[in-house]
Participant: 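Quick one: structure below, then a few questions.
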Amino acid sequence: MPLVSDRVRDLHARMTLEEKLAQLVGYWLDQNGTVAPMQSEMAAGQKDSGALPEVTRHGLGHYTRVYGTRPVDPVERAAWLWAEQRRLQRETRLGIPALVHEECLTGLAAWQAATYPTPLAWGASFDPELVREAARAMGGSMRELGIHQGLAPVLDVVGDPRWGRVDECIGEDPYLVGTIGTAYVQGLQEAGVHATLKHFAGYSASAAGRNHAPVSAGPRELLDVYLPPFEMAVRDGGARSVMNAYVDVDGVPMAGSAEYLTDLLRERWGFDGVVVADYFAVAFLEVMHRVAADRGEAAAQALEAGIDVELPTGDAYLEPLAERIRAGLADERLVDRAVLRVLAQKEELGLLDPDAFADDPPATVDLDSPQQRALARRLAQESVVLLANDGVLPLAPAEAPGRARRVAVVGPNADRPEALMGCYSFANHVLAHHPGLPLGFEIRSVREALAAALAGDGDAVEVVHAEGCAVEGEDTSGFAAAVEAAASADVAVVVVGDQAGLFGRGTVGEGNDADSLELPGVQRQLVEAVVATGTPVVLVLLTGRPYAIGWALDGVGAPAAVLQAFFPGEGGGDAIADVLTGAVHPSGRLPVSLPRSAGTQPYRYLHPVLGGPSDVTSTDPTPVRPFGFGLAYTEFAYGDLAVDASVDSAGTFEAAVTVTNVGAVAGTETVQLYGHDVVATVTRPVAQLLGYARVDLAPGESRRVTFRVPTSRLAFADRRLVRVVEPGDVQVWVASHAEAAARSAEVTGTNGAIRMTRARAEREVPGTATERRVLTVTGGVHEVTAADPRVVDVEVSAR
């Protein structure tokens with residue numbers, strides 16, 4: 001049993017079975033459109049709001065998405081919600097209000113609310129503190145509207161970009177996902193809203209990148225790749241809720257796995273919050289996994305495994321489970337365990353206080369405040385990744401003699417605000433079912449933002465536009481207009497990419513998996529047709545996944561410059577314009593590798609020797625741009641790499657490097673610390689991110705960056721499947737991306753000492769590694785425990 005207060009125990013002691021079960025389910029009002037898998041089949045029979053007194057006669061655990069299911073005026077809905085909560089206090093026997101949960105992956109998923117960049121853009125920023133600040137602002141809006149729990153962040157580690165839900169993920173590196181995701185958790189919970197970690201665990205490893213497909217990942221891969229971000233968010237972030245993954249892992253559905261939901265999550269990691277079911281996941285034990293004969297058996301399995309609350313409705317945890325308990329086929333003590341957790345959560349959120357709804361609901365709300373707009377734009381700015389540039393960028397400022405006088409902005413995503421937003425934005429998630437309704441907040445397309453940025457003070461640049469083609473389909477009839485616009489311009493900005501949506505409505509998003517990583521439709525042909533005009537072309541990708549665009553980066557006739565933006569949100573059009581014009585210098589870094597082809601997937605940079613290229617296979621998995629890659633409008637140099645020869649009593653070592661801006665303009669470098677366990681008892685990655693730091697540098701400025709790294713960052717699951725740190729040599733280096741350092745560095749470390757070794761510098765891009773050092777971890781095998789630090793401490797100082 002969890003540790004709970006006397007008030008909670010007293011309340012629980014007075015509850016009937018029906019009142020207990022009512023606290024373990026949600027109720028979904030106003031379902032409209034399809035925003036969850038198999039929603040139409042699974043949620044039939046839901047009653048309207050007039051039936052609420054009957055539906056909630058025993059109380060209610062959760063109200064499901066009262067703001068985010070259809071467009072509702074937030075002030076009017078808040079007034080309704082306050083009245084409904086007061087009714088629950090007044091008319092139910094125990095007077096317990098309902099907890100309200102909402103989606104908040106790209107900001108609160110409600111009409112008129114600010115829309116932030118998608119999580120893949122968070123990862124591209126490499127800026128946990130900014131993500132934390134944005135999450136705190138999102139949480140402030142939610143709390144103002146009486147929302148208590150947010151269904152975010154997604155901590156699935158990307159392994160296969162064909163998976164439709166990649167745009168909801170942060171990146172392909174567990175440490176990056178863990179640090180960014182933990183910052184989001186902290187920010188949301190600082191605002192008084194409980195974060196929900198999802199999807200626990202292994203969801204993104206589904207076969208062939210197909211949604212809900214089986215997962216064949218071994219337990220070591222789960223322990224070393226898919227689970228660390230969740231562990232960080234639980235131990236370092238104090239996350240209060242976890243949501244199960246839909247998948248089965250090696251034949252065992254996560255919704256019915258006590259090994260993961262209880263033994264690992266609670267007993268080993270110490271999680272003491274509430275586990276909620278992903279929508280319909282309990283019923284799926286019967287209808288999709290076929291490990292339960294009926295809903296009652298599915299409920300019993302899920303409850304025993306550790307799912308406390310069935311969402312979004314009570315299909316299994318109400319009457320089917322009650323019947324099973326009355327028949328002696330399920331233990332009511334498991335219900336008690338879950339109810340105590342739920343009541344403790346409600347107490348923590350203030351819902352058990354008699355005056356919880358004594359204040360009036362908000363009379364006015366601003367869900368897209370200037371502060372939120374500024375945060376959304378800044379996060380978008382930091383997430384834009386410059387992949388290639390032959391000097392055409394930044395576009396010349398107004399006072400420059402070579403300033404472009406005519407700019408063509410073409411492509412299917414050039415003038416569509418929806419193309420800037422992710423799958424879980426309210427616009428693409430819900431408003432797609434309500435054509436004709438306004439978005440409810442300001443957002444400028446790339447064309448609009450660039451035209452405004454180039455307008456100058458009375459010295460306007462002419463901006464011409466042509467769509468060229470749609471995101472999907474084979475229609476090339478618009479090519480001629482796009483080619484004509486580009487041919488008559490000084491520079492052409494071609495904006496291509498995705499349309500986010502769900503379950504077949506779009507090119508990426510939940511249920512929109514891909515069997516090809518070519519740009520959708522005829523977009524590649526459009527780009528090639530515009531490039532053939534001879535006008536310098538800047539290619540801008542607005543996507544929710546990385547595509548195979550080697551032809552646009554390294555091929556003959558490639559565009560002059562390429563920018564990658566992962567659904568940058570309401571400030572994304574302005575952020576892209578800021579980077580194109582040089583008002584903001586690009587600082588984003590790839591949180592995922594850019595694939596060579598779909599046939600090389602799944603791939604991530606965290607691979608052992610056998611996972612890379614070799615002369616025994618004709619298939620080359622090497623990405624066309626690696627994890628961590630990103631160019632700037634200046635150049636950076638690294639020097640004086642030093643690794644402290646000692647590991648202190650806390651199990652921490654230091655690595656320091658001097659980074660210098662050797663270019664003519666200011667810029668931001670993301671310094672990345674990598675390591676490689678030279679010899680271990682199981683295969684280890686050839687490179688592993690150990691830490692990172694964003695460093696702002698003026699021209700000619702140098703700074704010393706010191707990383708304090710716990711040796712637990714080097715932990716892995718040994719042959720016993722125990723996470724350990726083994727003694728031995730570890731190469732440590734600093735680089736601008738995961739592939740920057742030479743693979744052939746001589747290793748001269750010996751037990752008990754550190755020897756320096758020089759690696760061949762591969763300077764195919766500015767800022768690559770200059771040296772390697774070898775750290776030797778001494779002593780016996782060290783098993784990682786809860787007390788071990790997980791986040792790298794970084795200090796940046798002037799030289």
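Because the structure is a prediction, the values reported are computed rather than measured. Residues take their numbers from the sequence shown, with the count starting at 1.
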Participant: For Y424 versus E168, what's the shortest heavy-atom pair and its separation?
Facilitator: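 Here Y424 and E168 meet closest at CE1-OE2, 3.5 Å.
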Participant: Assess, by modelled atom type and distance only, whether the side chains of S488 and R406 contain a donor and an acceptor separated by less than 3.5 Å.
Facilitator: yes
Participant: When rounded to the nearest 0.5 angstrom, what is the spacing between CE in M421 and OG1 in T106?
Facilitator: 8.5 Å
Participant: From the options V494, V562, V491, select the one residue that forms a side-chain contact (heavy atoms from CB on, under 4.5 Å) with V537.
Facilitator: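 Single side-chain contact (heavy atoms from CB on, under 4.5 Å) partner of V537 among V494, V562, V491: V494.
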Participant: Walk me through whether E669 and Y638 qualify under side-chain hydrogen bond (donor to acceptor under 3.5 Å, both in side chains).
Facilitator: CA-CA 11 Å; E669 174 70 329; Y638 297 158; 2.6 Å; yes
Participant: Give me the atom names and distance for the closest heavy-atom approach of S702 to L697.
Facilitator: C-CD2, 4.2 Å
Participant: Given 3.5 Å as the limit, does a donor-acceptor pair link the side chain of H737 with the main chain of A740, or not?
Facilitator: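 Checking the backbone N and O of A740 against the side chain of H737, a donor-acceptor pair under 3.5 Å is found.
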Participant: For the OG1 atom of T668 and the CZ atom of F636, what is their distance to the nearest 0.5 Å?
Facilitator: 6.5 Å
Participant: State, with a plain yes or no, whether a side-chain heavy atom of L120 is found less than 4.5 Å away from one of P591.
Facilitator: yes
Participant: Mind checking whether Y674 and W733 have parallel, tilted or perpendicular rings, split at 30° and 60°?
Facilitator: parallel
Participant: Is a donor from one side chain sitting under 3.5 angstrom from an acceptor on the other, for D578 and Q381?
Facilitator: yes
Participant: Rounded to the nearest 0.5 Å, what separation is found between the CG atom of D127 and the CD1 atom of I180?
Facilitator: 7.0 Å
Participant: Rounded to the nearest 0.5 Å, how far apart are CZ of R132 and OG1 of T179?
Facilitator: 12.5 Å
Participant: Measure the CD1-CG distance between I576 and L420 for me, rounded to the nearest 0.5 Å.
Facilitator: 6.0 Å
Participant: Step by step, work out the side-chain contact (heavy atoms from CB on, under 4.5 Å) result for L553 and L387.
Facilitator: CA-CA 8 Å; L553 294 170; L387 298 176; 3.8 Å; yes
Participant: May I ask you to say whether E133 pairs ionically with R136, meaning some side-chain N is under 4.0 Å from a carboxylate O?
Facilitator: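 Looking at E133 and R136, the cut-off is not met.
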Participant: Compare all side-chain heavy atoms of W122 with those of L130 and state whether any distance is below 4.5 angstrom.
Facilitator: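 Of all side-chain heavy-atom pairs linking L130 with W122, none is under 4.5 Å.
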Participant: Given 3.5 Å as the limit, does a donor-acceptor pair link the side chain of H585 with the main chain of Y633, or not?
Facilitator: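 Looks like no, no N/O pair under 3.5 Å.
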Participant: Taking the side chain as everything from C-beta on, heavy atoms only, tell me whether D415 gets closer than 4.5 Å to V409.
Facilitator: no
Participant: Side chain of R447, backbone of A414: donor and acceptor closer than 3.5 Å?
Facilitator: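 Absent.
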Participant: On a heavy-atom basis, which atom in Y603 and which in P623 lie closest, and how many Å separate them?
Facilitator: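 Residues Y603 and P623, closest heavy atoms: OH-CD, 3.4 Å.
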Participant: Can a donor-acceptor pair be found between the side chains of Q672 and R589 at a distance below 3.5 Å?
Facilitator: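 Per modelled atom types, Q672 and R589 side chains form no pair under 3.5 Å.
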Participant: Does S445 reach the main-chain N or O of E448 with its side chain, forming a donor-acceptor pair under 3.5 Å?
Facilitator: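 Side chain of S445 to backbone of E448: a pair is present.
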Participant: So do the side chains of V157 and D173 get within less than 4.5 Å of each other, counting heavy atoms only?
Facilitator: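 Sidechains of D173 and V157: no contact.
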Participant: For R604, is there any backbone N or O sitting under 3.5 Å from a side-chain donor or acceptor partner on S593?
Facilitator: no
Participant: So F126 and Y692, would you call those rings parallel, tilted or perpendicular, with 30° and 60° as cut-offs?
Facilitator: perpendicular
Participant: I'd like to know if the side chain of S516 reaches the main chain of E518, judged simply by a donor and an acceptor atom lying under 3.5 Å from each other, with no hydrogens or angles considered.
Facilitator: yes
Participant: Do you know the tightest heavy-atom contact between P613 and T622?
Facilitator: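 Heavy-atom minimum between the residues: CG-OG1, 3.4 Å.
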Participant: Contact between L502 and C423 at the side-chain level, heavy atoms closer than 4.5 Å - yes or no?
Facilitator: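 Counting from C-beta outward, L502 and C423 do come under 4.5 Å.
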Participant: Salt bridge between D574 and R444, side-chain N to carboxylate O under 4.0 Å?
Facilitator: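 Yes, D574 and R444 are salt-bridged.
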Participant: Using the side chain to side chain donor-acceptor pair (under 3.5 Å) rule, pick out the option among N512, N413, N428 that qualifies with Q499.
Facilitator: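 Among the candidates, only N428 passes.
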Participant: Is there a side-chain contact between L431 and W111, using heavy atoms and a 4.5 Å cut-off?
Facilitator: yes
Participant: Does atom CG of D515 have more than 12 heavy-atom neighbours, drawn from other residues, nucleotides or ligands, at distances under 6.0 Å?
Facilitator: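 Check fails, neighbour count at 12 or below.
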Participant: Do the side-chain N and O atoms of T543 and D498 include a donor-acceptor pair separated by under 3.5 angstrom?
Facilitator: no
Participant: ring-ring contact (aromatic ring centres under 6.0 Å, His included) with F479: which residues, sequence neighbours excluded?
Facilitator: none
Participant: Of the non-hydrogen atoms in F567 and L542, which two are nearest, and what is the gap between them?
Facilitator: CE2-O, 4.1 Å
Participant: Of all heavy-atom pairs between V471 and G497, which one has the smallest distance, and what is that distance?
Facilitator: CG1-O, 3.5 Å
Participant: Using modelled atom types only, decide if a donor and an acceptor are shared between the side chain of R703 and the backbone of V659 within a distance under 3.5 Å.
Facilitator: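 Side chain of R703 to backbone of V659: no pair is present.
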Participant: Is the shortest distance from a Lys or Arg side-chain nitrogen in E382 or R694 to a carboxylate oxygen in the other one below 4.0 Å?
Facilitator: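 Between R694 and E382 there is a salt bridge, with a charged N closer than 4.0 Å to a carboxylate O.
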Participant: Does the side chain of R704 pick up a donor-acceptor pair with the side chain of T658 at under 3.5 Å?
Facilitator: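 Yes - a donor-acceptor pair under 3.5 Å links their side chains.
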Participant: In the structure I gave you, are the side-chain heavy atoms of P161 and V592 within less than 4.5 Å of one another anywhere?
Facilitator: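 Heavy-atom side-chain distance check fails, nothing below 4.5 Å.
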Participant: Give the C-alpha distance, both sets of side-chain angles, the deciding distance and a yes or no for side-chain hydrogen bond (donor to acceptor under 3.5 Å, both in side chains) between Y116 and E570.
Facilitator: CA-CA 6 Å; Y116 287 81; E570 68 176 40; over 6 Å; no
Participant: Answer yes or no: is there a side-chain heavy-atom contact under 4.5 Å between D620 and R596?
Facilitator: yes
Participant: Hey, could you give me the CG/CG distance between L517 and D160, rounded to the nearest 0.5 Å?
Facilitator: 7.5 Å
Participant: More than 12 non-hydrogen atoms from neighbouring residues, nucleotides or ligands closer than 6.0 Å to CD on E528, yes or no?
Facilitator: yes
Participant: Go through R373 and E442 one step at a time and tell me if the side-chain contact (heavy atoms from CB on, under 4.5 Å) criterion holds.
Facilitator: CA-CA 9 Å; R373 296 188 62 78; E442 295 179 15; 3.6 Å; yes
Participant: For the backbone of R405 and the side chain of D490, can you confirm whether one donor and one acceptor N or O come within less than 3.5 Å of each other?
Facilitator: yes
Participant: Just by modelled atom types, is the D366 backbone N or O under 3.5 Å from a matching donor or acceptor in the S369 side chain?
Facilitator: no
Participant: Before giving the answer on side-chain contact (heavy atoms from CB on, under 4.5 Å), spell out for V579 and L563 the whole-Å C-alpha distance, their side-chain angles and the decisive distance to 0.1 Å.
Facilitator: CA-CA 9 Å; V579 172; L563 283 180; 4.1 Å; yes
Participant: Are V464 and V407 close enough, and set up right, to give a side-chain contact (heavy atoms from CB on, under 4.5 Å), and what steps lead you there?
Facilitator: CA-CA 6 Å; V464 295; V407 177; over 6 Å; no
Participant: Would you find a donor on one side and an acceptor on the other, under 3.5 Å apart, between the side chain of R524 and the backbone of I549?
Facilitator: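 No, the answer is negative, given that no donor and acceptor are paired below the 3.5 Å cut-off.
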